[in-house]
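The structure appears right after this line, and notes come after that.
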Amino acid sequence: MAISNSEIAKIFRKISFLLEIDSSKEDIKTNRNANFKNRAYSRAADQIENLPVSIASIYKENGLSGLLQIPSIGKAISSKIEEYLNTGKIEYYEALKLKYPIEIEDFLALEGIGPKTLRAIIDTTPIKNLDDLEKLAKEEKLRKIPGFSQKKESNILNKIESYRKGGSRFLLGDIYPLVDQIEKYLTNQKNIVETIVVGSYRRMKETVGDIDFLVVTEHPVNVIESFIKMPQVKDVISQGTSKAFVKLNNGIDVDLLVVPQDSYGAASLYFTGSKEHGISLRRLAQARGYRLNEWGLFDNSTDSKLAGETESEIYGLLDLEWIPPEMRENHGEIELAKKGSMNWTEKVENLIDYADLKGDLQVHSNKTDGQMSIEEMAYFARTTFGLDYIAITDHTKSLSITGGLDEQQLLNQVTEIQEINDKIKSGDFFVEENIPKGRKSIQNLDLINGKNPKNSNIKNDKDFRILVAAEVNILKDGSLDISNNVLDKLDVVGAAIHSSFTLSEDIQTKRLIDAARNPSVDIIFHPTGRIINKREGYPVNISKLLSVALETNTIVEVDAHYNRLDIRDEYIRMAIENGVKLVIDSDAHHPIHYAFLKFGISQARRGWAERKDILNTLSVVDLLKNLK
DNA sequence: GCCGTTTTCGGCCCGACTGTTTTCAGTCG
């Protein structure tokens with residue numbers, strides 16, 4: 001099994017933490033580098049974690065000089081990576097662990113207790129893990145350490161408790177309704193001029209650790225008071241005059257930031273992040289003799305405020321174009337956004353937008369594991385989400401748990417869908433008396449309806465079209481479970497892996513490549529098979545798959561279901577840089593799932609995809625021309 | 001330990017909140 005980037009990143013994070021434990025106050029006074037070495041390791045960890053390609057393969061192909069190309073990786077760190085790839089060990093790290101024999105994972109993720117606090121504790125009582133620390137606190141021994149108190153001791157117990165309860169990040173799609181609730185609550189408060197959600201939520205990251213709100217007001221104290229009194233609030237973590245942090249009953253942390261109007265842009269820039277994007281901006285400011293913080297952009301020599309009300313004016317004074325939030329990850333967007341860059345203007349103007357999709361090419365019906373009929377799925381696709389076409393992609397026979405269709409059933413589906421399409425064309429389909437019974441069950445989801453732009457570019461409902469399709473199973477040996485002469489009767493064929501997840505990377509890649517080479521297969525569905533926070537997905541050499549996709553004119557899917565988002569943002573960027581075409585599909589098993597399309601679009605924006613890269617921005621006629 | 005529009009030495013993002021102390025260190029985002 002190849003060594004993963006996150007495995008190496010984790011080690012560097014631990015080295016960074018141990019170095020912080022190691023550097024006492026005296027060290028920092030005498031050795032000015034002591035405080036920066038740990039940051040270097042932590043920056044390297046960030047870099048490695050965000051790398052789209054495997055660091056093991058970089059080393060395999062280009063050796064040490066390949067590693068040195070990576071920003072924040074220099075001589076010392078690259079040779080430690082080399083050592084780890086070759087021996088599975090880093091001596092430097094082993095020595096640090098020997099000096100501080102603690103279970104670092106326990107303390108790395110523990111909020112509120114950092115390396116200095118930990119050092120003070122282990123200098124007094126050698127502890128190894130969280131259990132030891134908890135015991136110490138319960139025995140009231142922590143309060144005896146200089147600089148500690150009874151209050152600090154009980155705080156530490158609280159932190160341990162909430163650490164044990166909570167943990168992982170939340171899926172973007174799961175917290176969407178909650179964010180809406182809080183947004184409405186804040187908007188209804190007196191004195192609030194403006195409310196926006198910032199943080200990783202605004203960047204539409206697939207998971208978020210907490211929810212950040214930014215509010216414009218001239219009455220910060222009142223606003224913070226009403227924020228901490230929200231019904232969902234369980235604990236107030238901290239509360240000041242410009243920000244407050246709370247924990248909700250369901251375990252999510254919510255941060256509120258309060259600024260006056262003339263700091264709105266600076267604050268939204270600062271708290272939308274990402275952290276690395278912000279750091280880069282502040283470095284640019286620094287190089288110009290400016291200082292950038294959440295209150296504004298200031299000239300250091302005169303201490304006067306140069307900008308603050310809008311993001312654009314701040315970017316502008318740093319000689320940058322405005323950068324869409326989804327792209328703010330410090331993955332090269334700042335270099336590209338330099339003023340006067342034609343490429344950038346074109347890129348941002350053509351970036352796939354939330355109203356750009358005309359159709360959805362992965363939709364399931366109750367013929368297999370969907371919850372509604374083909375007619376109902378079509379009805380809502382048109383009337384609620386304004387789509388121009390959908391492809392009905394029910395599962396096929398080897399996926400027996402869903403009652404997958406066999407050859408004959410697929411052929412029947414061709415006839416059945418033809419009949420519905422005829423009805424649509426005659427004008428007898430999208431009419432009052434034809435409103436499906438299931439209408440009610442989705443009516444209470446105003447939230448989703450309200451937030452989905454209608455996408456249609458066709459004038460007449462009669463032009464809506466259902467495509468006959470299937471989500472065909474890729475078998476263990478790379479063949480399909482439906483014969484090509486039947487698949488050729490369908491408008492669209494998607495192929496996907498649903499079994500044998502534990503095979504090796506070589507075999508999984510071969511299965512997908514074989515499917516891509518099959519002349520009947522138009523699209524590879526959810527190519528990596530991951531379920532976010534639940535399973536990693538099977539191992540795939542994505543660059544090999546992409547090069548075969550390009551060669552065979554096979555489309556790669558961005559599955560927009562928020563628990564899949566497959567392929568992920570970095571792979572989307574790889575795909576479009578290589579000229580591979582993509583589609584964004586909801587994978588709907590119920591009409592409300594069409595709302596997931598927006599998560600696929602945001603993922604594509606995070607991968608810098610333009611309209612031209614996403615084939616279901618085309619009309620149905622043009623789309624069909626682009627298939628095999 | 002990394003890095004370079006102040007370029008091979010001497011910098012390294014910036015401010016709010018907490019707790020303990022009374023001017024600041026630690027932690028976080």
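These figures come from a predicted structure and were not determined experimentally. By convention in this document, chain letters (A, B, ...) are assigned in the order of the sequence lines, proteins followed by strands, and residues within each chain are numbered from 1.
Listed in residue order, the members of residues 270-279 of chain A having a heavy atom less than 4.0 Å from DNA chain B are A:Y270, A:I279. Residues from residues 91-111 of chain A that place a heavy atom under 4.0 Å from any atom of DNA chain B, listed by number: A:L110, A:E111. Residues of residues 301-320 of chain A having a heavy atom closer than 4.0 Å to DNA chain B: none are found.
A:K275 is linked by a side chain to side chain contact (heavy atoms under 4.5 Å, CB included) to A:D46, A:I279, counting only residues two or more places apart in sequence or in another chain. Listed by chain and residue number, A:A9, A:F12, A:R13 satisfy the side chain to side chain contact (heavy atoms under 4.5 Å, CB included) test with A:A45 (two or more places apart in sequence, or in another chain). For the side chain to side chain contact (heavy atoms under 4.5 Å, CB included) test, residues two or more places apart in sequence or in another chain that qualify with A:E94 are A:K89, A:E91, A:K97. When the side-chain hydrogen bond (donor to acceptor under 3.5 Å, both in side chains) test is applied to A:S78, no partner is found at least two apart in sequence or on another chain. For A:T302, the side chain to side chain contact (heavy atoms under 4.5 Å, CB included) partners are A:D299, A:S304, not counting sequence neighbours.
When distances are taken from the side chain of A:P115 to each of B:dG29, B:dT27, B:dC14, the shortest belongs to B:dT27. Closest to the side chain of A:T117, from the set B:dG15, B:dT27, B:dG29, is B:dT27.
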Within the sub-3.5 Å range, which N or O atoms of nucleotides 16-18 of chain B have a protein N or O partner, and how far apart are they?
residue	atom	partner	partner atom	Å
B:dA16	OP1	A:W295	NE1	3.3
B:dA16	O3'	A:S242	OG	3.2
B:dC17	OP1	A:T241	N	2.9
B:dC17	OP1	A:S242	N	2.9
B:dC17	OP1	A:S242	OG	3.4
B:dC17	OP1	A:K243	N	3.2
B:dT18	OP1	A:Q239	N	2.7
B:dT18	OP1	A:Q239	O	3.3
B:dT18	OP2	A:Q239	O	3.3

Would you tabulate the nitrogen or oxygen pairs shorter than 3.5 Å linking the protein to nucleotides 3-5 of chain B?
residue	atom	partner	partner atom	Å
B:dC3	OP1	A:S72	N	2.5

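Legend: salt bridge (charged side-chain N to carboxylate O under 4.0 Å, His left out) pairs involving residues 247-257 of chain A, not counting sequence neighbours, sorted by first then second residue: A:K247-A:D253. Applying the salt bridge (charged side-chain N to carboxylate O under 4.0 Å, His left out) test to every pair with at least one member in residues 226-240 of chain A, sequence neighbours left out, gives these pairs: A:E225-A:K229.
Distance noted for atom P between B:dT6 and B:dG11: 14 Å (whole Å).
In this structure, the CD1 atom of A:I77 is 6 Å from the C1' atom of B:dG1, given to the nearest Å.
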